[in-house]
Every structure is written in C-alpha cells, then in structure tokens.
Number of protein chains: 2
Amino acid sequence: MQLSDRKRKILQAIIHDYIETAEPVGSRTICKNHISDLSPATIRNEMADLEEMGYLEQPHTSAGRIPSDLGYRVFVDSGLERYRLTIKEMLQMQEAFKHKMREANSIMSEISSILSQMTNYTAVATSKRASNIKIQSLQVMPIDARRILAMMITNDGGVKNQLIVTHKEIDGVRASEITAVLNSCFAGMTVSDITPEKLAEAGARFRGFAEIDDVFEFMLKSAAEIEKQEIIVDGSINMLSFPEYSDVNKAKRILEYINDKKSLNMLLQSPKRENEIEVIIGNENPLDEFKDCSIIMCSYNLGGRSGSIGLVGPRRMNYSKAISMMEYLKNELDNIISERTDEDE
Amino acid sequence: MQLSDRKRKILQAIIHDYIETAEPVGSRTICKNHISDLSPATIRNEMADLEEMGYLEQPHTSAGRIPSDLGYRVFVDSGLERYRLTIKEMLQMQEAFKHKMREANSIMSEISSILSQMTNYTAVATSKRASNIKIQSLQVMPIDARRILAMMITNDGGVKNQLIVTHKEIDGVRASEITAVLNSCFAGMTVSDITPEKLAEAGARFRGFAEIDDVFEFMLKSAAEIEKQEIIVDGSINMLSFPEYSDVNKAKRILEYINDKKSLNMLLQSPKRENEIEVIIGNENPLDEFKDCSIIMCSYNLGGRSGSIGLVGPRRMNYSKAISMMEYLKNELDNIISERTDEDE
DNA sequence: TATTAGCACTCATTTATCTTTAGTGCTAAC
DNA sequence: GTTAGCACTAAAGATAAATGAGTGCTAATA
C-alpha cells in the first residue's frame, strides 16, 4: 500500500502530538487539533491502515496510537518542516564561538553545553587529535630552587606540562642544556613513537641529570593522553525530565550508559557520511541500552581535532528542532574552519 | 534526662538498621537483631524516652522510629566504632597517589572518583590556587608559518597556553624578541595585577607585532581562569540508588544542585577547623536544598592549591565507613605533602 | 522497682471490586 | 468514500475491606 497524502498528514499529526504529550494519540484528538474536515471514524480507518503498514503501534486496544521507529523514520526522511531558530537562539549559539581562537576541545564543550541547554536533550561529543601529531619542542625550565617544569609542545599547538621536584638546584643554563639535548633527541618525532625503549636508548645522553626518568615518565604519560579519545557529556540530567524516565531505575541505567565512555564511543562512532547530519532512531541504534533513545549526530573536524557530536533524547524527540539546531551549529563551525584556512593561505 | 548506656545502645541499633534499610525500625526488630535480653516492651519504653529527648522521630503512629538529626549527631560525636578498611580498599586508594608528581587538581579528581566509587556516595571538591600567584615567565613560540603559541607560566608551575593565528610569519628570532619584551614587562607580576589598563600601558612597546592584542586577550583570560575556583563532582548518579530519591523529580532537583557550582561552593565553604574532618548532618546544612543530605568534608592544601573535599549522601549515611575512608585519604594526602616538603629542604 | 505479657488501637499498605474513561473496530446508513 | 452509532476493551481511578507492622498503656510478674 502506498502512503497517500492523507495518511502522511495523519502520521505527522500523531507524531506531532506524541512528541508533545508522550501519550498515545486518539482519532478524536487528531480530528480536533489537526484535521477537522474528516470525522474521527475516517481517521480511525486510516490509522488502522497505518498500523498495518508498520508506521504506528498501539500499546493496547482502547489506547490511541504511537509512532513506531519506522513511522519516525519516514517522518524524518520525508522532509519534516524545519524549525526556524529565533534571533535569540542564534545569538546564544554564536556565543560559543566568540573566542574563536580557543582550543578545539573547549569550543566543543561550549557547543555541547549550549546545545543541551537549548534543546533540553543531552549533548555528547567525542574528540580525538589527529594521529600523526609530532613533538614540536620539549622544554625544561627552573621554577624555583627545587622544582623544574617540563613541557611538551606538539605541532598542533598543544601543550602538556608537569612539575618535577629535583634533588639539587638546576639553574637556567643547565636547564637550557638539558632542553637542547631533549630536542635533539625527540623533536620532530611522532607522539606515538615515544616508547619506553626509545627513551631508554636516549637515556645515556643525560648523565648527570638525575630527574631524567621523571621527565621520561612525563613524556610517556603525555603521549598517551594526547592519543586518548576525549569525551564530553553535557546535560545528562535533562533525561530525568522526560516521562519516559519517570522510573528512577530506568533513569539510573540510561544515565550510567550516557556517562560511560565506552558505550558513548560506540554510540557516536558510526557516521556513515562524513560531515552530514545523521538521525538514529530507537532500535536503529547500535547499542541495546539506547533503544529507547534517538540521536542526532554529526562528525566534525576542527583545528587538528576530529570526532562526532550528538544530541541524545527520547525516541519522541523534537526532531525538527534538534536537527535545525545541530545544522546551525554545524554551519557556524564550518565558517570557523574556512576562516582559519583562509588565514593560513 | 541522661543518655543511659542502654539508651545509647538502642539508639545505635536503630541508626544501624535504618542506615541499612531506610525503613523505620520497630522494637521487635531491635530485640531480634541487637538486644535479645530485653523484651520489645522495654525497648519500646526506652524508645519513647529517646523520642521525647529528641533523638528519634516517628513518621506516624504505628510506624517504627527513625533517627533525628540530633540522634545522628550524638551517634557520630560519641565515638562511633570505626570502619576498618580492607587491604583491597587501601590499595585502591593508594592508586590515586601513584603518580605523586601529578598536578594537584588531577590528584583531587582522582581522589574524588575513588571516594565516590568506594562509598557509593557523591564526591565533591573545590580547588583554588593560592591568591598571590605570580607570572614566572611568558613565551611566544612559532608553531608553523601562520601560527604562534603563547604561553604563560606561573610560579606554582602552572601553564596556560593558546594558539594564535598571525598575518605574517613570525620566526624564532622575532618570537624571542617578543618574548623578552613580554617578560620584561610582566614577569614577576601577580596574576591579579593583569588588568586591561596595565596591558594597554605596555602595548606601545610591541609596535610592529600585530597580534599583541590577541596575546593580551589570552593573558587576561588565563589570569581570570587561574583565579577562578574549580569544582569537581564525581558519582552524582549514585544518588539515584537511594530510596530517598526514588521520586524522579526529587532526584532531579538534588542532582541539579549537586552539579551547580554556586551551591556546591556554599556547601563546601564552612570548614570550621582547618584540616579536620567535619560532619554536617541534615538541617545543619547551610543550604536548604541539602537538608536531606549529610556531608563528610575536610579542607586540604596541596601543591599551591587549596579547597575542600566532601562526600554527599542521604542523611542515613554510613558515617562510620565514609569518615574512615575520608580519614585514610587525608592521611595519604598529608604524607605526600610532607614528602614534598622534605625534598624541598 | 524494673520488666514484661497482653491487648486495644492506629495507620499505611495491600487486595479486591466496581466505575469511569478514552479509546477502539465494525456495521449500516448516508 | 464517509460517517454516525454502538458494542466492546483495557487502563486508570475510586472505594472499601483486609492485613500487618507497629505503637502505648495497663496490670501482672520477678
């Protein structure tokens, strides 16, 4: 059976109401609120068809209908009318980009915060640095009589640092010497090339500098941190405002998964089309734990960092609004990127 | 009326059971589980006394008793028997201190994570740097043709950094020049002395360096960040496992407050005795929102940072365990501090 | 005099039953 | 093809009765 125009309209009406109320929608409600030129009986007939076609579900006889995953799917795919952002909303979003020079990671966490605040859903983001990051320079610098600061600067402009306590004083001259040797050994190396073996090899060149092991430990730790995926979660408490999670145990479970790096990673890792907004509905989800949720997600690539950002909400998400917001932010992001590239040329 | 030994025993029994079950405790239960040489009737009489004295409350006639704030208070103050940590627990805690060189802030967040995992309560911590932090040195360093890295190093070994896009290439020599001027202007200054006025004043000395304003902006931002109080929250979802918060709305409210920097700040700011463990029970709390909670807290002072760390749980918290854990961590922390100081001497 | 058995009483919780309500599907008329 | 009408269904709500965990008090007991 084909989806007639009328059927589509009814489906839309049901989805619209269900998104707002979280209650099954009955034929009379649709007649009153959306399609007053048809009688409830007619609408009922159409609804029965829609159910048979798999777009609707009925929690029990004598309840109204709720959309199925498939129902949401056609709703989303067949051009849902766009939510138009208010001026205020746009301004608010631009706020996140005010300090454009900021580190990519802090831009992403600001975006997440704004997205979650404005949609009332949960924003999640992964962020990983490019894999071929190199060591731009290493530095050792005296802070006071017994402490030196070790720094590792990467060619994406990242800085890692650590205080090291020394046994005897190391003055500026000595520190410069050590710095020079460090750079001659390691500058230009890929971060992933920093291994205990390589470090041990170079160790001999630092005779007389007792704390070199601490420096090496710092380098290893930093290298590991740089390669690690970071994860941002914002607004997870918003989940508690949906009647879907009025049961505390269910709420606890979903919050645990949302705050769990591993599952979040899996959730966000499937961008089929690079750089396009993707909508994942209910059971389309790779993780069972999120089968009651929908996700609007998109991959990004910004200042040496890449990853995905997503909005997680109940299945009856306000797709129109969530997608529009995501789209707007994505455009803003793209602007930054092209600006940055322009300046580079 | 005096608290006889028997009354104290009964009070303890009630608190013990109530901490476990969260249900009002009746006379028969106490007789069976704790004091089998007295009849329920006798225990009932004592309970009536204890209620009159303000140590117990009765949710309604025909319910057992629950401890009042005052009840918990005498329980906590009159030497509750200490929970003895298992070897495993001790090892787990020491894990947090493995990398002793770490930055104070990351030690605190590791401690928070371990505390919340082991107690199943919520760990919160504030962390503020000493107020008289000075600029040790400033640096500007070329990263590639169009980007320089600005760094600000403070005398507590902290590093702030930011990438700045430039219009024309700035080579190493030029960068060193700028660095030298920056240091002659600002090295040794207190962070709080960095004001727009001071910066504007110095601006003239950087003619020919178009991006000085970006550097100044970075300095202002960094100075502000350094002076800002940081807040760590870990395990707030644990709150959802207590029957006290089986109502989602109540749960949401407390989670919102727990994740709100302002209220957390107030919550943790009242250490009457520096460096001692303090127990705040229910309504003793400065904030109404937390009147159903108890807090075990303690101030700390580590590597140029100071603040408080606390454990938040329901009023019927396992005080014995929570206090012991906190005490253990506090000792470990003190060890680090003294080690560090030793090395300095 | 302190303890305890016994008992009437209270009130939240559970269970059972009935009622209401919001919805359906089907049939027959328009 | 549309709709009015009606019997039917199942959840949700209301009411009432039964249950049970606990109390306080009194009078008997050690």
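Below, chain A is the first sequence line, B the second, and so on; all start at residue 1.
Counting to the nearest Å, the P atom of D:dC25 and the CG atom of B:Asp49 are 12 Å from each other. We find that CD of B:Gln58 is positioned 12 Å from C1' of D:dA21, with the value rounded to whole Å. Distance A:Asp17 CG to C:dA22 P: 16 Å, rounded to the nearest Å. Put simply, OH on A:Tyr18 is 14 Å from P on C:dG23, counting in whole angstrom units. Between the CE atom of B:Met47 and the P atom of C:dT4 there is a distance of 15 Å, rounded to whole Å. Computed from coordinates, the A:Glu23 CD to C:dT21 P distance equals 17 Å when rounded to whole Å. Here the C1' atom of nucleotide D:dT23 and the CG atom of B:Leu50 are 15 Å apart, to the nearest Å. For the pair B:Arg28 CZ and C:dA5 P, the computed distance is 12 Å after rounding to whole Å.
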Report task. Walk me through it: do B:Met325 and B:Glu89 pass the test side-chain contact (heavy atoms from CB on, under 4.5 Å)? Result -> CA-CA 9 Å; B:Met325 298 249 164; B:Glu89 283 168 336; 3.5 Å; yes

Requested in this report: Mind running ring pair (Phe, Tyr, Trp, His ring centres under 6.0 Å) on A:Tyr121 and A:Phe242 for me, showing each step along the way?
Outcome: CA-CA 10 Å; A:Tyr121 298 124; A:Phe242 303 119; 5.6 Å; yes

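The shortest distance between the side-chain N/O atoms of B:Arg65 and the OP1/OP2 oxygens of D:dT23 is below 4.0 Å.
Residue A:Asp69 forms a salt bridge (charged side-chain N to carboxylate O under 4.0 Å, His left out) with just one option from A:Arg316, A:Arg315, A:Lys291, and that option is A:Arg315.
Between A:Glu289 and A:Arg253 there is no salt bridge, since none of the side-chain N atoms of the basic residue sits less than 4.0 Å from a carboxylate O of the acidic one.
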Requested in this report: Sugar-phosphate means primed atoms, P, OP1 and OP2; the rest is base. With that split, encode nucleotides 2-20 of chain D 5' to 3' as B, S or - using protein heavy atoms under 4.0 Å.
Outcome: SBBB---BBS---------

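Between A:Tyr83 and A:Tyr328, a ring centre-to-centre spacing not shorter than 6.0 Å is recorded.
A side-chain donor from one of B:Gln117 and B:Ser113 sits under 3.5 Å from a side-chain acceptor of the other.
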